[in-house]
Amino acid sequence: MLLPSIFARCSAVVAGSITCFFLLLSAHLFAQSSPNLLPLERVDPPFWWVGMKNSSVELLWYGKDIAKANVTMKYDGVKILKRETTANPNYLFLTLEISPKAKPGNVMFTLRNGASVIARSYSLLARQKGLKEAQGFSSADAVYMLMPDRFSNGDSTNDVVAGFPDQMHRDSLNARHGGDLQGIINHLDYIRDLGMTAVWCTPLTENNMDKYSYHGYAFTDFYAVDKRFGTNDDYRRYVDSCHKHGLKVIQDIVLNHMGDKNYLAIDPPSSVWINDLAAAKASTNWRKEFRRPNYRSSTHSDPYASDYDKRGLTERWFDWMMPDVNGSEPHFATYLIQNTLWWIEFAGLDGLRVDTYPYPAKEFTAKWTKAVFDEYPRLGMVGEVWIGESVGMSAYWQAGARNADGFNSHLPSITDFPLNSALGSAFNEKEEWMGGMVKLYNTLAQDFLYADASKNVIFLDNHDLSRYLSVVHEDSRKLKMALSVLMTMRGTPQIYYGTEIGMTGYKDPDPLVRKDFPGGWKEDTVSAFAPEGRTPKQNEFFTHLKTLATWRKSKPVIHSGKLMQFVPNEGIYAYFRYNTNETVMVVVNNNESESTVKTDRYTERMQGFTKAHNVLTGETLSSLGSITIPAKTALVLDLQK
Ligand code: CA
């Protein structure tokens, strides 16, 4: 009598509605007849697909004493390849082999322990999203990065959710502010109109922590969107809406740590799933005595590194409420790989941003990265590689790097922190032999170390850095110079929300660079989402960026053209982007006075060109023998014959 209703509900899943993740057969029925087997708490992944390139999937079954169960199933084209258990009897790992001939449907499992029996349905869906839709991202894109909790509150009904103790207090820096998926959906027009082509949100995955959860980097359920942001279906709606707006979607992935309220942390399958767990348990005052990482990502590439220091990076807890995930444990590695594939397939993602990329054991991250690309070769991916100003240590992490130890991350793109650092100094310092714009020049001069610097993601600021306008002491000229360079430089530019309207803030504490976007809340008195709500200065920044970003969209010479730079001289720095059809000159005057520059030193790139279109002003320069540049300005000149 129960079976037909189960099949009826799960056929809805196959039809496309994913509101029913899994189904448990009548808990009370088995509670009566089976004292030994209790209902399953969950199965991860909650459903899977037929027709994946990798034909196997490992199901993690979690429930009281589930390891004691004998499991059988019957489904055409699907068989149990492996049944494994760990030290904790509450876990069972079943590897399924799904033949290419298997049809979508519901696999019925029977779990037996003596006289007690549980039946369980598991859905195999037809592939719809990830296979067809992953577009990747490249230097032809411009990425808008935002923190969902701080961008816009589009749905006040999810501001307070029962069972989620970290509540909304907009006045508190560290509490939740109520931003959500609907808020982002409401403002995709704004992001598109700014000239952006992709959106990267900091994680939307559930962070049901006691406090300080708004940032999203402490996952408590790898398979759920945080209810304060919306539902999993809302997330699909957000992705679909982005695609309709011509915006690609980049999801933030965390492999290094999770929230201590994750069931995998509360009741881990075995003690080795979490690094340094013994030290955590031995401590009488964990919050004070836990062992932080040394944050030295250098230890991976350092030919002289000690094991002590290497483990000090990869095996320590990121923070006291963030246990360290051990990706070297094979089941956990599989869990994380499948979780990523699940989100790509479920939502139809275009790319991933991978948090703290060098923090786990690098053999694991490389394995994870390769597995993702084996399934989705067109996907885009950038890893957060934050090793200060060192181009060499950053380049180590890019796929194709010529590393002495033979390490290949398989990661196509890294966050370009060396360029970020140079951009922070270039317009702030006096021009000297090693100061000012020479830092920018010298950083780019080290691009030979990268396998492909054009794949780097380049940025002025992000959620972990002081906002650029504050870095340059609120000198609006410097922000505009930096934006001009960012939008014309090799790499994929990333804009942090609010930079386009000159938001300020020094990191320390972090929330000061994560302020609410003005107008994102209905009670806000002004809205910077519309020109009339912005101050003249805010409009100046917005228009500056929009002009460059919009122009850039149809400029292959910026996306993929070569780069030639000239050594900065007397406060003037010029570089060119060029291909066989087009040449763009960017010439920066870092002096406090207007400068007129004779262009004969640039002849090798300017020969044959007689005039130029000033991209930002729309003016035409009718002669190019000398160019006059206002103080603290970067000219972007489209050269013409
Ligand atoms: Ca909300």
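The analysis underlying the following values was restricted to heavy atoms, covering all of them including side chains, and did not include hydrogens, waters or symmetry mates. First listed ligand is number 1; within each ligand, the first listed atom is number 1. Positions are given from 1, in the same order as the sequence printed here.
When Tyr235, Phe47, Trp342, Trp48 are each tested for a ring pair (Phe, Tyr, Trp, His ring centres under 6.0 Å) with Tyr223, only one passes: Trp342.
A tilted orientation is assigned to the rings of Phe542 and Tyr190, their planes being inclined by 30° to 60°. Using a 30° and 60° split on the angle between ring planes, Phe346 and Trp343 fall in the perpendicular class, above 60°.
Checked against the 6.0 Å centroid threshold, Phe229 and Tyr238 do not count as a close aromatic pair.
For the pair Leu349 and Tyr376, the minimum side-chain heavy-atom distance is 4.5 Å or more.
Around the Ca ion (ligand 1), the protein atoms of type N, O or S that sit closer than 3.0 Å are Asn153 OD1, Asp155 O, Asn158 OD1, Asp159 OD1, Gly178 O, Asp180 OD2.
Using a 4.0 Å cut-off between a side-chain N of Lys or Arg and a carboxylate O of Asp or Glu, Arg353 and Asp252 qualify as a salt bridge.
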